Amino acid sequence: MLNRFARALFTKLFTPLARLFLRLGISPDVVTLVGTLGVSLGALAFYPRGEFFLGTLIITLFVFSDTIDGVMARMSGRSSKWGAYLDSTLDRVGDAAIFGALVMYYAGDGANTLMAALALACLILGSVVSYAKARAEGLGMTANVGIAERADRLVAVLVTTGLVGLGLPEVVLTVVLALLAVASLVTVLQRILTVRRQALGPAATPES
């Protein structure tokens with residue numbers, strides 16, 4: 001949902017910065033790598049210590065690299081399968097760092113088994129959501145369905161975690177993680193059923 005409504009806005013906002021980076025000779029791949037490193041360090045350095053607000057600020061600062069590198073690639077005419085592959089792969093690394101850092105906190109100093117389990121469920125199911133689509137495309141099918149896209153999950157967890165760091169009751173984060181876990185599970189099932197219909201439908205041809 002956020003991908004559809006916010007992409008045009010953020011593209012317009014970050015175009016001047018993307019143009020500056022290109023003039024400085026910075027490649028889209030470098031922006032992708034630095035962005036992932038920043039997100040991962042912001043999450044793993046601060047979330048496990050319970051510093052949710054500061055960690056979220058740093059993560060947010062770097063997470064927009066995912067938009068900037070795409071704008072740079074299009075402006076420079078360097079959009080490629082390699083760039084798309086690198087971007088998608090490193091997105092998974094950043095997402096895993098965020099949810100993994102929450103698992104570390106709640107399995108450690110946070111001492112909340114339920115929260116640790118929910119964060120772990122979000123980490124695992126989020127990865128499966130992405131894999132289900134990638135595997136379908138690798139087999140020549142599509143799985144562009146689901147109620148929990150990556151951008152939606154990321155915004156929900158970052159906003160809530162940052163607000164908890166400012167004093168919002170932790171139960172709100174519990175509810176959000178539970179909803180994200182359920183939404184991710186539903187998305188996985190939606191994608192499985194979509195691929196099943198394509199694979200077993202009338203238009204499917206048997207393997208030789």
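Owing to the predicted nature of the structure, the values given are computational and were not obtained by experimental measurement.
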Calculate, to the nearest 0.5 Å, the distance between atoms [atom1] and [atom2] belonging to [X] and [Y] respectively.
X      : Y      : atom1 : atom2 : value
Arg150 : Ser88  : CZ    : OG    : 9.0 Å
Leu177 : Leu114 : CG    : CG    : 9.0 Å
Arg196 : Leu189 : CZ    : CG    : 13.0 Å
Asp66  : Asp91  : CG    : CG    : 4.0 Å
Thr15  : Leu20  : OG1   : CG    : 12.5 Å

Side chains of [X] and [Y], heavy atoms from C-beta outward: is any pair under 4.5 Å?
X      : Y      : answer
Thr187 : Glu149 : no
Trp82  : Asp29  : yes
Glu137 : Asn144 : yes
Leu37  : Leu33  : no
Tyr47  : Ile59  : yes
Met72  : Leu17  : no
Asp69  : Asp87  : yes

Heavy atoms only: give me the nearest [X]-[Y] pair and the separation to one decimal.
X      : Y      : result
Val164 : Pro169 : CG2-O, 4.1 Å
Cys122 : Ala181 : SG-N, 3.7 Å
Arg153 : Val129 : NH1-CG1, 3.8 Å
Ala148 : Ser184 : CB-N, 4.0 Å
Met104 : Pro48  : CE-CG, 4.0 Å
Ala143 : Arg191 : O-NE, 3.2 Å

Shared hydrophobic cluster for [X] and [Y] (ILVMFWY, side-chain gaps under 4.5 Å):
X      : Y      : answer
Val175 : Leu118 : no
Leu200 : Val195 : no
Tyr131 : Ile124 : no
Leu125 : Leu193 : no
Met75  : Val31  : yes

Return each pair, listed once, that meets salt bridge (Lys or Arg N to Asp or Glu O under 4.0 Å) where at least one residue sits in residues 45-59; pairs must be two or more places apart or across chains.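 Checked against salt bridge (Lys or Arg N to Asp or Glu O under 4.0 Å) - neighbours excluded - the pairs reaching residues 45-59 are Arg49-Glu51.
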For residues 14-24, which residue pairs pass the salt bridge (Lys or Arg N to Asp or Glu O under 4.0 Å) check, not counting sequence neighbours? none
Passing option when Gln190 is tested against Ile192, Val188, Val186 for side chain to side chain contact (heavy atoms under 4.5 Å, CB included):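 That would be Val186; it is the only one of Ile192, Val188, Val186 passing the side chain to side chain contact (heavy atoms under 4.5 Å, CB included) with Gln190.
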Assess the residue pair Leu90 and Val93 against the criterion (side-chain contact (heavy atoms from CB on, under 4.5 Å)); give the C-alpha distance rounded to whole Å, side-chain angles, the decisive distance to 0.1 Å, and a yes or no. CA-CA 5 Å; Leu90 294 185; Val93 174; 4.2 Å; yes
Going through the distances and angles, do Ile98 and Leu158 end up as a side-chain contact (heavy atoms from CB on, under 4.5 Å)? CA-CA 9 Å; Ile98 292 169; Leu158 289 179; 4.2 Å; yes
With [X], which residues qualify under ring-ring contact (aromatic ring centres under 6.0 Å, His included), at least two apart?
X     : value
Phe64 : Phe10, Phe14
Phe99 : none
Phe21 : none

Yes or no on side-chain contact (heavy atoms from CB on, under 4.5 Å) for Val157 and Leu102, after CA distance, side-chain angles and deciding distance? CA-CA 10 Å; Val157 72; Leu102 289 174; 3.9 Å; yes
With sequence neighbours left out, which residue pairs that include part of residues 154-175 fulfil the side-chain hydrogen bond (donor to acceptor under 3.5 Å, both in side chains) condition?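 side-chain hydrogen bond (donor to acceptor under 3.5 Å, both in side chains) check on residues 154-175 returns Tyr106-Glu170.
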One pair to check against side-chain contact (heavy atoms from CB on, under 4.5 Å): Ser40 and Thr36. What are the steps and the verdict? CA-CA 6 Å; Ser40 300; Thr36 301; 4.1 Å; yes
Using ring centroids (six-membered ring only for Trp), state whether Phe52 and Phe46 fall under 6.0 Å.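 No.
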Sub-3.5 Å donor-acceptor pair from the side chain of Ser65 to the main-chain atoms of Ile68, do we have one? no
Report yes or no: do Arg92 and Ser130 form a side-chain donor-acceptor pair below 3.5 Å?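 Checked: Arg92/Ser130 side chains pair up, N/O donor to acceptor below 3.5 Å.
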